[in-house]
Undergrad: 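Right, I'll just put the structure down here and ask away after.
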2 protein chains.
Amino acid sequence: MTEPALATLTRLRTACSQCNLRELCLPVGLSADELQTLDNLVSTRRKVRRGDSLFYGGEPFSALYAVRYGFFKSTLTSGDGREQVTGFYMAGELLGMDGIGGDRHTCTLTALEDSEVCVMPFARVEDLSRNFEPLQRHFHKVLSREIVRDQGVMMLLGSMRAEERLAAFLVNLSQRLTARGFSASEFVLRMTRDEIGSYLGMKLETVSRLFSRFQEDGLIEVHQKHVRILDIGGLKRVMAQAQSAP
Amino acid sequence: MTEPALATLTRLRTACSQCNLRELCLPVGLSADELQTLDNLVSTRRKVRRGDSLFYGGEPFSALYAVRYGFFKSTLTSGDGREQVTGFYMAGELLGMDGIGGDRHTCTLTALEDSEVCVMPFARVEDLSRNFEPLQRHFHKVLSREIVRDQGVMMLLGSMRAEERLAAFLVNLSQRLTARGFSASEFVLRMTRDEIGSYLGMKLETVSRLFSRFQEDGLIEVHQKHVRILDIGGLKRVMAQAQSAP
DNA sequence: CGACCCGCTTGACCGGGATCAAGCGGCCGG
DNA sequence: CCGGCCGCTTGATCCCGGTCAAGCGGGTCG
């Protein structure tokens, strides 16, 4: 393949209108025509190696990022050094929205496997939003959904027991993977037990023990990072099993 | 006072440019000129009696609300009926952003004292945003700050001990009251122990016991809903006291 | 290909906060 | 002004999940 041909291919693949993630990403719900307008939303791509960070808490904010492929965690570090995992992000999801409010990022985004993101300079996002109502509407929805997602986590952490939280986590993961065309029942965890634990407000030993318990109960099969869901209905039942005694 | 004069007064007071909350509310940071542009952002006012709800989870979304005076809690109800308090809101804060993403509200907003809000039809917010860059920028910041706030709560719930959470809650409350010109050290809690507990992921008995402990330790004085903060530095120390043993 | 390190599992024990229970008192409505 | 109820406090006990500890195994890097 000659050099110019390669460049063209890359250019083509950079366009939102050609991206196979458009059904999951910022341009959700736009018509083919409308999508053309977005083709200069993304300035560049950026690869992030496993273990490297896309940005750090405290860094100046300048752009949003859409995950093309890979897997990220976001972490918040408190004054006294404690680290809290605040989310996991996969293909088509938007990163960096925490930075808009204070012009610097509040959390750190770290790749849990080799990943690539689309870089969308925020000034450009706002420009296009002002001139292109469908994008504006959708961008607001994405921001709002992040708020709703966070509130869901608050409910998880505030009112559910450890086993309910882990079941909810697995169900959520399975659903998001399904939406991306992966198997709903068999997947590889990209994060460690410690990271799951931090996200769910429990210790890594508890995560490990609960995985074992779920396995004994025939709900899942676990082998290190490999998980196979055997009984999704059972997991959903665990997740909602509020002490239902009279 | 004649009827027309009263109407005029009301009209005047409805304008953002005349509102004494503008430093806390949506129009933060706008010049006097720019503020004029916002004067038709607010369609009406709405009073909400203590105990009544501004909107319920599941209701169609149509507007954002800015608190003029009063105090609100937001709650999320899970499938199995458990209720989680996800936030408390006071004058100048924006309500209803959870509804943008799915065109219906996900949480319920209930007044904890007699309150009043400005109603801002969301279509109008988006219209004005498209034509008025400073509002757009600020609106995005408000949305982002809500995300950051929620992440802070996730850190609270996920990685702090009960006494650290309650200390953080009191410090936060004190700071927000100060910003509104109230005493930083003496205030009346508008919410019950149960509501504080739900928000902080603990039981009402634990909240009560911790209040008593803080009082014994000379950090605060509590008498039912009356709280006086005696040692804000001490509270901040409790809040960050990660097990700092070697 | 092989060794080492890191992440995972599992056990034993402990303790913070939940649960259950009882009594008090402030506030609201009659 | 008075009675009742709801919200708060406090005690006793329990148990879930944290902590400490030890060993294993698999993936990664030399």
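To find a chain, count down the sequence lines: A is the first, B the second, and so on, and within it residues start at 1. Just so you know, these numbers come straight off a predicted model, no measurement behind them.
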Undergrad: Would you mind checking if A/Arg180 and A/Glu93 are paired as a salt bridge, meaning a charged N to carboxylate O distance below 4.0 Å?
TA: yes
Undergrad: Could you tell me whether B/Glu205 and B/Lys203 have a side-chain N and a carboxylate O separated by less than 4.0 Å?
TA: no
Undergrad: Would you jot down, in residue-number order, the residues of residues 185-196 of chain A having a non-hydrogen atom under 4.0 Å from DNA chain D?
TA: none
Undergrad: End-to-end bend of the helix from C/dC1-D/dG30 to C/dG30-D/dC1 (five-pair axes, 10° rounding)?
TA: 60°
Undergrad: B/Glu163 CD to C/dG16 P: how many Å, rounded?
TA: 9 Å
Undergrad: With side chain to side chain contact (heavy atoms under 4.5 Å, CB included) as the test, pick out the partner of B/Val171 among B/Ile229, B/Val238, B/Leu235.
TA: B/Leu235
Undergrad: Considering only nitrogen or oxygen atoms on both sides, find all protein atoms under 3.5 Å from nucleotides 1-6 of chain C and state each distance.
TA:
none

Undergrad: Using a 4.0 Å cut-off on heavy atoms, which residues in residues 207-222 of chain A reach DNA chain C? List them by number, or say none.
TA: A/Ser208, A/Arg209, A/Ser212
Undergrad: Do A/Glu205 and D/dC20 share a donor-acceptor pair, side chain to base, under 3.5 Å?
TA: yes
Undergrad: Can you check the A/Glu164 CD to D/dC16 P distance for me, whole Å?
TA: 12 Å
Undergrad: Consider salt bridge (Lys or Arg N to Asp or Glu O under 4.0 Å). Of B/Arg50, B/Lys47, B/Lys73, B/Arg190, which one does B/Glu113 pass it with?
TA: B/Arg190
Undergrad: Counting the atoms with a prime plus P, OP1 and OP2 as sugar-phosphate, which does A/Gly201 contact under 4.0 Å by heavy atoms, base, sugar-phosphate, or nothing?
TA: sugar-phosphate
Undergrad: Under 3.5 Å, which protein N or O atoms sit close to an N or O of nucleotides 26-29 of chain D? Give each pair with its distance.
TA:
none

Undergrad: Check B/Glu146 with B/Arg149, please: is the shortest side-chain N to carboxylate O separation under 4.0 Å?
TA: yes
Undergrad: Rounded off to whole Å, could you give me the CG-to-P distance for the A/Leu200 and D/dG18 pair?
TA: 11 Å
Undergrad: Report the residues that fulfil side chain to side chain contact (heavy atoms under 4.5 Å, CB included) with A/Thr77, sequence neighbours left out, ordered by chain and then residue number.
TA: A/Glu83
Undergrad: Under 3.5 Å, is there a donor-acceptor pair between the side chain of B/Ser74 and the main chain of B/Leu109?
TA: no
Undergrad: Go through the steps to decide whether A/Glu116 and A/Arg46 satisfy the test side-chain contact (heavy atoms from CB on, under 4.5 Å), and finish with yes or no.
TA: CA-CA 6 Å; A/Glu116 192 182 56; A/Arg46 186 171 150 194; 5.9 Å; no
Undergrad: Where each residue is assigned the nucleotide of DNA chain C containing its nearest heavy atom, which of A/Lys225 and B/Met160 is assigned the position nearer the 5′ end?
TA: A/Lys225
